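What you are looking at is a predicted structure, and each value in this text was computed from that prediction instead of being measured. Every number for a ligand or one of its atoms is a count from 1 in the order of the listing.
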Amino acid sequence: MNKFYIRTYGCQMNVADSELVAGILSDAGFQKADTIDEADIIIFNSCTVRQHAEDRVLGRITSEAKRKKQNPNMLIGLIGCVAQRRGDELLDEIKSLDLVVGTDQYRQLPEIISSCMKRKEHLFADVQNNIENYENIYPVRNKGVNAFVTIMRGCNNFCSYCIVPYVRGRERSRDQKEILREIEKAGNDGFKDVTLLGQNVNSYNDGEYTFPELLEKAAHIRSIERLRFVTSHPKDISDKVIEVMAAEPKLCEHLHLPMQSGSNNILKKMNRKYTSERYLGIIHKLRNEMPDIAITTDVMVGFPEETEEDFLQTYNLMKQIRFDYAFTFKYSPREGTAADSYAEQIPEKTRLERLQKLIELQEQITFEKYQEQIGRTVQVYVEHTSKKSDKELSGRTRDNKIAVFPGDRKFIGTFVDIEIIDASGWTLKGKQIHHTKL
Ligand code: SAH
Ligand code: SF4
C-alpha cells in the first residue's frame with residue numbers, strides 16, 4: 001500500500017485543503033503516513049502570498065529530493081497556490097518534482113499519482129474552474145481538538161497587493177446544509193472547537209443564506225462547544241454578525257480583522273474599500289458589545305508609495321487600538337497584481353525598518369495585554385501535554401490564547417477552568433480550579 005505524507009505551508013485554508021486532499025487520497029485507497037520517513041508519496045501544499053513563502057517551499061522540495069536515492073519509487077508532488085501560479089514550468093525547473101496540481105484539481109490527484117507511478121511520467125493539472133467546492137468529501141483531519149471547516153473558496157476582492165484571487169479563483173460559497181452537516185460530524189468525532197474558513201467569510205452567500213444566518217445555525221449545533229471564523233474583511237462585517245457573536249454562547253470572544261494600514265491614502269491604493277475611521281468604528285462596536293473580546297489583525301508596511309506619514313498613521317492606529325496580537329508583514333511584490341506596477345516601490349531597507357518598529361510596538365502591547373490576564377478565570381480546551389513537561393497541559397482559551405497549567409493527561413480533549421497566575425511571551429500560565437465538562 002502506498003503511503004502519503006502532506007507537508008503544509010501557509011494559511012489555515014491550506015491546512016484545511018491538506019485535510020481535504022488526505023480525504024480524497026484515503027477514499028482512493030492510499031494510506032496516510034504518520035511521518036515523512038514512512039511515506040513514498042510526499043506532497044507539498046504551497047503558499048505564494050509573499051515571495052519568501054514560495055521560496056521556502058521550493059527550497060524544501062529540493063532538500064527532500066535526496067530521499068529519492070533511498071527510494072527510487074518515491075513521488076514528490078506540489079499542490080496549492082504555487083502550483084497554481086507557476087504550473088508546468090516547475091516540472092522543468094525542479095527535476096525531482098513528479099507532479100504539480102493546482103487548487104481546483106485535487107479530485108484528479110489519485111489518478112495523477114497512479115499514472116505517475118505506472119508510467120514514470122511527470123504530470124500537471126492546473127486548470128482553474130472557479131466552481132470547484134469539493135462537496136461530498138469528508139476531510140481526514142489532523143490529530144487534535146480543533147477542526148477547520150471551509151465555507152467558501154476563492155476571492156473577488158482583488159486587493160491591489162494580493163495574489164490570492166489569481167491562484168484561488170472566484171469566490172464561491174458551499175451549500176449551508178453541507179457545512180452544517182460537516183460541523184456536526186466534526187463535533188461528533190471529538191473536534192469541539194470549530195473554525196469556519198474563507199478568504200472573506202462575511203460575504204458568504206450560498207444563494208439562500210448569508211453569513212450571520214449560517215453563523216447562528218452553526219452556533220446551535222449540539223455536538224460542538226466553540227465556534228470561530230476567519231477571515232473577516234472590514235468592508236463586509238455587518239452589525240448583525242457582531243450581534244450574533246455577542247448573543248450566541250458558543251461563539252468565541254475573538255475576532256481576526258485585518259487592518260493592513262492606518263492611512264486612508266494607502267487603504268485606497270490597496271483597494272480595501274474602508275477607511276481607518278470605519279475600521280475604528282468596528283473595533284468600538286465589538287468592544288462595546290463584548291468587553292472581553294480579543295482582537296487580532298494583519299498589518300503591512302512598505303506598500304508602494306507609503307510615506308513616512310502614512311506609516312506613522314499605521315503605527316499610531318495600532319497604538320490606539322491595542323490588538324491582542326498582530327501579524328506584521330513587509331510588502332512583497334506579486335507579479336500580475338495591480339500594486340506590482342505602481343511606480344514608487346519602497347526600498348527594502350525602509351520596509352525592514354518600518355516592520356521592525358511595528359514588531360517592537362506590538363510586542364510591548366501583547367506583553368501588557370497578557371499581563372492584564374493575571375487573576376482572571378478562563379476556560380481552556382486542553383489539546384496536549386505542554387512542550388516543556390508531560391506533567392503540564394496546554395490548550396487554548398476562548399479568546400484564542402495558549403494557556404499551560406499543571407495537570408494530568410486524562411484531561412486532554414476536555415474543558416477545564418483555570419486561574420491565570422502568570423504570563424510569559426505568548427503563553428498564559430495557570431492553575432486548575434475545576435473541570436467543566438468532558
Ligand atoms: N483574505 C485574508 C487574508 C489573505 S492573505 C484577508 O483579506 O485578510 C493574509 C495576509 O497576508 C493579508 O492580510 C496581508 O496582510 C498579507 N499579504 C497579502 N499579500 C501580501 C503581499 N503581497 N505582501 C505582503 N503581505 C501580504
Ligand atoms: Fe487577498 Fe484581499 Fe482577497 Fe484577502 S480579501 S484574499 S487580502 S484579495
Salt bridge Arg334-Asp340, side-chain N to carboxylate O under 4.0 Å: no
Phe211 six-ring face occupied by Lys240 cation (under 6.0 Å, within 45°): no
From Arg168, Met270, Gln260, Arg351 - option closest to atom 15 (O) of ligand 1 by heavy atom: Gln260
Which segment of Tyr161 sits under 4.0 Å of ligand 2 when only heavy atoms are counted: side chain
Polar contact flag, side-chain donor to acceptor under 3.5 angstrom, Thr296-Asp324: no
Residue part near ligand 1, for Lys330, under 4.0 Å between non-hydrogen atoms: backbone
Within reach of ligand 2, part of Pro165 (heavy-atom separation under 4.0 Å): side chain
Region of Phe329 engaging ligand 1 - heavy atom pairs below 4.0 Å: side chain
Part of Asn200 with heavy atoms under 4.0 Å of ligand 2, whether side chain, backbone, both or neither: neither
Within-shell test, Arg168 vs ligand 2, heavy atom, strictly < 4.0 Å: no
Atom 2 (Fe) of ligand 2 to nearest N/O/S of Cys155 less than 2.8 Å: no
Those atoms of ligand 2 less than 4.0 Å from some heavy atom in Phe158: 8 (S)
Pick from Met259, Arg272, Gln199: the one approaching atom 3 (C) of ligand 1 most closely through a non-hydrogen atom: Gln199
Shortest protein heavy-atom distance from atom 23 (N) of ligand 1, along with the residue and atom involved: Ser332 N, 2.9 Å
is_close_aromatic(Phe327, Tyr325), centroid dist under 6.0 Å: yes
Axial cation check for Phe329 ring with Arg50, 6.0 Å and 45° limits: yes
Sub-4.0 Å heavy-atom approach of Val49 to ligand 1: yes
Shortest reach to atom 25 (N) of ligand 1 by a heavy atom, considering only Arg50, Arg334, Gln12: Arg50
Salt-bridge contact Arg354-Asp310 (side-chain N to carboxylate O under 4.0 Å): no
Lys/Arg N to Asp/Glu carboxylate O, Arg86 vs Glu93, below 4.0 Å: yes
